[in-house]
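Scroll down for the structure; my scribbles are underneath it.
Residue numbering restarts at 1 for every chain, and letters A, B, ... go by the order of the sequence lines. Computed from a predicted structure; not experimentally measured.
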Amino acid sequence: MAVKWLPRWFFQLASPRWCYQITGMLIPWFAVVSITLVVLGTIWGLAFAPADYQQGNSFRIIYLHVPAAILAQSFYMLMALAGAIGLIWKMKVADMVAKSVAPIGASLAVLALLTGAIWGKPTWGSWWVWDARLTSMLVLLFLYLGVIALNSAIESETTAGQATAVLSLVGLVNIPIIKYSVEWWNTLHQPASFKLTEKPAMPPEMWVPLLVMVIGFYTLFGLALMLRLRNEILQRERRASWVRDLLSVKA
Amino acid sequence: MAFESFADFLNMGGHGLYVWLCYGLGLLIVVANLLLPMQQSKQVIRELRRRLRREEGSA
Amino acid sequence: MSNQQTSFAKLFVHTFKRDLVLAFRRKSELVNPLIFFLIVVTLFPIGVSPEPQFLAELAPGLLWVAALLSTLLSMESLFKADFDDGSLEQLLLSPQPLFMVVLAKVSAHWLMSGLALTLVAPVLAVMLFLPAEGMPGLMLSLLLGTPTLSLIGAIGAALTVGLRRGGVLISLLVLPLYIPVLIFGSSAVQAAITGLPLGGYFALLGALLALALALAPLATGAALRISVSG
Amino acid sequence: MSTELLSARSLFCERDDRILFEGLDLTLNTGEILQIEGRNGSGKTTLLRILSGLSSHFEGELYWQGEVMGEVQEAYLADLVYIGHLPGVSGQLTAEENLRWHCALHPSLDIEKIDYAIGQVGLRGFEDLPAYQLSAGQKRRIALARLYMSEAKLWILDEPFTAIDKVGVAAKEALMLKHLSCGGSVILTTHQDMSDHMPVRTLSLGEPQEIGDE
């Protein structure tokens, strides 16, 4: 195999057992860091950041909306990437990561959509506007739902993993095309309306808490991913002796 | 602090409903994403342990 | 090398012909998408309003959405029969490139769904009072857009071919991916009606088609291997 | 002189929580018939699908003429005829049309031989009927006609004699002997006993293991 250039830890990742152990060690750290960051970011954003001169205090929704939207997109990328690794190197753990990411990513897309809609009410005066960003997020949610539906429709775990990997890769190629076409369609239909999040140069008092929230969200949902992944590992490796030992010791 | 009083803070300049609704939803989704897998983990371990016991019993 | 190329060409032509013959022997599959197209378009005046001006405004989008749905409806059968009788296994065991076979099958399929829809569309456009200026835009955009729909749909068909109830699932997988084609296709028709230049839309639809031609058969091939393997 | 054609090392396959086989080694030499035995559900078909390259749900290595399968896949497929549970015969097409498409998939085959093959499997007079009008046995014969056209070294046959009458079976056995004498080999599963004069080596698949029973 011509994969000698890859570092060793990459192949260690392939071992479900190693992965289970390492996530077990990482989880407490992630929990502390993520909760600190998210609590800090939320309080900062809600109480200390200045209000927007146009949108007033409804602007504070940005500290939730933007991190959710960013994560929903990057988790889709992670899912497709993990799926590709699973396909190419037949790496079981990558398959499990891809499967565990999907519901988390979908819930983030839902959060981004809901907060976008709620933010839209005071800003645009209606709950839903066919804004380019909201529309692409809706399509992203559909892509997530497709992946989840396909995964649950196929009985064999291996086949399900491979099939969803192909689908998520196809989706990944399509995301930029969909984004571009939706943006273009949007400008065609509603010329330059008031955008939700595009602001010319936010002052640091506004974007620093946003940055804190984004990082906090990455760690927080990384934590959620690890929790899910561990369940997936246990379930799929139930036959392995290390799982059996683990279970009988933990009694 | 961007607000004069706690009531001001809750009111969010008239947009309180929207802001707090969003953060409530955010909290809900965060908590669900953390609690559900933890609960599932208990279930998985219980289920696998039951399996193990059954196999030991039959062996 | 040239010997190999002729064998690829032969494979393409043979598979293409075979699928055409098969389609003509199962006539229902041939006409069902067309009937569906007709019915969906008929539902709108009945359900919304028969007022000519309103319909004319709705027509570009409506025709495109209906074309998209009926292409999707026909997609499920693309690999189903071959999967059921084992021909798909034989196909995967060919030493010839799968890319060619998939391309041939999709081309044959498009000829009977996409091209047929394109040819029927003007009739329906008249029923929806689409202005005559929009006609060339409609036909050309369908001609350029429907092959992309078939190519993308083939991926969904290949992924769900082994499942007993793949029908609804395939729409869930494929419809979001159809959005760019829908946007550019219906915009082209609208531009044609208002007399705006059409070149840009066709360039975009062409670019989508080129991309789909290059990538979709690969994904479809991989998906077929996975489905047969499971 | 016999040389190694196909070999598999430490194959492992699990399905629906059962281990079908584990640490399975097999070697097939030229001029040999290998019969896979085992009860229903013991993984015979799965093994044949793995060997043919249709299924990738396994761990272990496959070698074709001493080389790793992944690197010589195309050469392998060019030298393989696989007839599975499903005949791979399209019901809407006639025997001849079915075989013509088969020739397109395998460019080394000679289209001229289709007529001969149809005659050999006893389908003369049925050439113009679409396959769905034929009996199960006749459909099977269309699939088996591929063997008469092929010069492939390896035949993998899953229950090739199902729905074939006695005369047909005898003809197939003769065909196999001829194939062996040309340096070919066969891997097959069958519920029917083969005639005594056939040089058959058998491989038994044990009971599938319920996962956890050790």
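The two residues F3(B) and A47(A) make their nearest non-hydrogen contact at CD1-O, 3.7 Å. Residues G13(B) and N57(A) approach most closely at N-ND2, 3.4 Å, considering heavy atoms.
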Can you give me every donor-acceptor pair (side chain of residues 27-48 of chain B, partner residue at least two apart or in another chain, under 3.5 Å) with its distance?
| unit_1 | atom_1 | unit_2 | atom_2 | d |
| --- | --- | --- | --- | --- |
| N33(B) | ND2 | S107(A) | OG | 2.9 |
| N33(B) | ND2 | I29(B) | O | 3.3 |
| Q40(B) | OE1 | N231(A) | ND2 | 3.2 |
| E47(B) | OE1 | R50(B) | NH1 | 3.4 |

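Within a 6.0 Å radius of CD in E155(A), other residues, nucleotides and ligands contribute 12 heavy atoms or fewer.
For W29(A), there are no ring-ring contact (aromatic ring centres under 6.0 Å, His included) partners two or more places apart in sequence or in a different chain.
For chain B, the nearby parts of L46(A) are the backbone and the side chain; heavy atoms of each come within less than 4.5 Å. Interface remark: F221(A) contributes side-chain atoms only to the contact with chain B (heavy atom separation under 4.5 Å). Residue contact with chain B, scored on non-hydrogen atoms closer than 4.5 Å, is absent for A68(A).
Of the candidates L111(A), V110(A), L64(A), L25(B) forms a side-chain contact (heavy atoms from CB on, under 4.5 Å) with just one, namely L111(A).
In terms of heavy-atom pairs under 4.5 Å with chain B, the best-connected choice from S58(A), P50(A), A224(A) is S58(A).
A distance of 5.0 Å separates CE in M12(B) from CZ in R60(A), rounded to the nearest 0.5 Å.
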